[in-house]
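For reference, the structure is listed below as structure tokens.
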Amino acid sequence: MRYAPALSALTIMDGELQPLSRLPEDWERALARHGGPRYRARQVFRWIWARGVTDPDRMSDLPKTLRSALAGSVPALAPPATVVHTHRSLDGSKKLVLGLADGAEIETVLLPVARGTETLDADAAAADDDGDDEDGASADARADARADARPGPTRRVTQCVSTQVGCAMACTFCASGLAGLRRHLDASEIAGQVLLGRAACGPDEVLRSVVFMGMGEPLHNYAGTARAIRLLSHPEGLAIPLRRITVSTSGLVPEIAELGRDFGGAVGLAVSLHQADDAKRSALMPVNRRYGLAELARALAAYPLPPRRRITIEYTLLAGENDAPEDARALLRFLRPLRAKVNLIPMNRITGSTLGPPDPARVLAFQRLVTDAGIGCFVRRRRGDDVAAACGQLALDPTRSAPRRASARRARDA
Ligand code: SAH
């Protein structure tokens with residue numbers, strides 16, 4: 001079928017949705033006015049999300065009229081971000097600093113896991129339940145085992161993505177929180193990090209799972225997060241299975257329920273708990289004043305987890321704050337009604353906070369108390385801290401952005 005020659009570029013517009021935020025059905029609507037066959041929508045989506053091509057001139061199987069319409073579309077069909085810096089950590093992880101269209105900068109981290117060591121690696125355990133949970137006998141795990149036996153990529157990569165520029169949650173131990181919120185990312189900016197991450201993988205690496213654990217609170221930006229999950233998991237695009245996508249939240253109860261409803265529990269859920277005593281948690285994490293522990297526990301119990309999957313409880317160990325045996329016992333009481341495993345993260349130091357990690361013996365003692373109660377508990381390996389890419393270290397750059405000035409002010413006033 002031919003496109004009308006008089007076709008105007010501007011008619012590609014589709015409300016407020018950025019072209020890169022469109023799912024195939026949105027592309028169908030956007031292209032409908034052009035009268036072409038419906039499969040063009042899927043073709044365009046595939047160019048972008050399966051092949052990583054956003055330049056319409058390179059979409060070689062599209063008719064020329066459609067390519068020029070796409071080229072002139074408003075808003076423009078352009079990469080959602082550019083890589084400003086790549087910091088390589090000695091441990092193999094990479095931090096990409098990305099520049100967005102409005103000049104804001106965000107960060108995303110690639111965490112490679114050597115094959116065969118996944119189950120030993122707590123980062124992988126958080127991100128990739130195939131090796132950690134009891135669903136190892138699934139057809140999927142068997143397919144992975146077959147793939148492992150063949151020559152090919154040797155390292156699986158988990159990518160950690162940001163969902164906001166800054167963060168509004170103001171957790172006292174987190175650099176992103178100290179910076180305050182500048183804005184939400186839209187779905188194309190969130191999922192686009194994975195396009196750039198995949199392109200930054202080495203020839204021996206394969207991007208396998210995505211964790212929403214970078215800068216920002218994903219569930220505070222629920223619309224952007226949910227659409228990004230749809231973009232990433234769409235079978236015509238990057239096709240990352242929902243079970244290999246994990247969303248981490250500081251505990252926004254209504255949105256936990258929404259995520260469970262929208263994806264039927266298939267998306268992995270991680271919760272940053274850090275303290276199982278209400279008063280102490282409220283002091284660390286202001287969100288606890290809004291949604292206390294009892295309410296949070298109810299939301300977690302109601303999350304429609306598939307059989308054999310567990311919720312990940314993240315617990316950043318802060319010396320003298322939450323690392324005592326009584327804190328571990330409070331944690332165990334919180335966990336009793338839940339299907340959950342625990343990821344301990346010895347705190348990574350950040351500027352602007354005097355909090356720090358406990359010594360290793362205390363970390364192990366805490367872990368022992370949890371595992372002795374029969375609950376899976378891993379200590380997350382520190383990754384990327386030599387390039388400020390470790391948990392809680394993703395911050396706005398003080399020399400470039402306004403919010404950091406606000407944070408500096410806050411730190412000074414504190
Ligand atoms: N806002 C979401 C997503 C961020 S995930 C959430 O809170 O879950 C980042 C994880 O690193 C969270 O568990 C967070 O609590 C933890 N974290 C933050 N600052 C840290 C630090 N300085 N050291 C170690 N972990 C930290």
Side-chain angles (χ1 to χ4, degrees), residues 95 106-109 111 122-123 125-127 158-181 184-185 190 193 210-222 224-225 228 245-253 255-256 259 267-276 281 284-288 290-291 296 299-300 311-319 321-323 331 340-358 363 366 378-385 388-396 407:
K95 176 169 90 168
I106 52 165
E107 300 174 335
T108 180
V109 184
L111 300 151
D123 281 321
T158 294
Q159 183 170 1
C160 177
V161 297
S162 294
T163 52
Q164 297 176 317
V165 185
C167 184
M169 307 315 289
C171 300
T172 54
F173 46 85
C174 179
S176 306
L178 292 177
L181 177 67
H184 292 322
L185 298 180
I190 301 171
Q193 294 169 56
V210 176
V211 295
F212 285 59
M213 296 186 183
M215 197 191 287
E217 166 53 53
L219 297 187
H220 181 207
N221 177 12
Y222 187 80
T225 292
I245 297 177
T246 298
V247 169
S248 179
T249 179
S250 55
L252 295 181
V253 162
E255 288 80 9
I256 290 172
L259 187 75
V267 171
L269 181 64
V271 176
S272 298
L273 193 71
H274 310 321
Q275 198 22 287
R281 189 168 191 262
L284 285 178
M285 304 176 70
V287 64
N288 197 70
R290 182 120 163 248
Y291 305 111
L296 178 59
L300 301 185
I311 289 171
T312 300
I313 299 294
E314 296 160 283
Y315 196 101
T316 295
L317 283 165
L318 312 163
E321 294 283 330
N322 65 358
D323 61 340
L331 173 62
K341 60 188 168 186
V342 177
N343 223 304
L344 297 177
I345 318 168
M347 185 195 167
N348 299 304
R349 287 190 185 277
I350 56 164
T351 42
S353 169
T354 53
L355 296 168
V363 173
F366 195 98
F378 300 85
V379 179
R380 191 179 289 181
R381 265 203 300 154
R382 180 169 303 195
R383 309 275 305 263
D385 61 341
C391 299
Q393 293 182 323
L394 301 183
L396 303 175
S407 94

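Both counts, for ligands and for their atoms, begin at 1 and track the order of listing.
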Every pair of nitrogen or oxygen atoms between ligand 1 and the protein that is under 3.5 angstrom apart - can you list them with their distances to 0.1 Å?
unit_1   : atom_1 : unit_2 : atom_2 : d
ligand 1 : 1 (N)  : G216   : O      : 3.0
ligand 1 : 1 (N)  : E217   : OE1    : 3.1
ligand 1 : 7 (O)  : S272   : OG     : 3.2
ligand 1 : 8 (O)  : S248   : OG     : 2.6
ligand 1 : 8 (O)  : T249   : N      : 3.4
ligand 1 : 8 (O)  : S272   : OG     : 2.6
ligand 1 : 13 (O) : S272   : OG     : 2.6
ligand 1 : 13 (O) : E314   : OE2    : 3.3
ligand 1 : 15 (O) : H274   : NE2    : 2.5
ligand 1 : 19 (N) : F173   : O      : 3.4
ligand 1 : 22 (N) : F173   : O      : 2.9
ligand 1 : 22 (N) : N348   : O      : 2.9
ligand 1 : 23 (N) : N348   : N      : 2.8
ligand 1 : 23 (N) : C391   : O      : 3.3
ligand 1 : 25 (N) : T316   : OG1    : 3.1

Original post:
Any donor-acceptor pair under 3.5 Å linking the side chain of T108 with the backbone of C160?
Top reply: yes
Original post:
Would you say the side chain of F212 lies within less than 4.5 Å of the side chain of T225, judging by non-hydrogen atoms?
Top reply: yes
Original post:
In terms of side-chain heavy atoms, does E314 have a donor or acceptor partner in S248 at a distance below 3.5 Å?
Top reply: yes
Subject >> Side-chain (E217) to main-chain (S250) donor-acceptor, under 3.5 angstrom >> reply: yes
Subject >> Student check: side-chain heavy atoms of I256 and L219 closer than 4.5 Å >> reply: yes
Original post:
Of all residues at least two apart in sequence or in a different chain, which pass the ring pair (Phe, Tyr, Trp, His ring centres under 6.0 Å) check with F173?
Top reply: H274
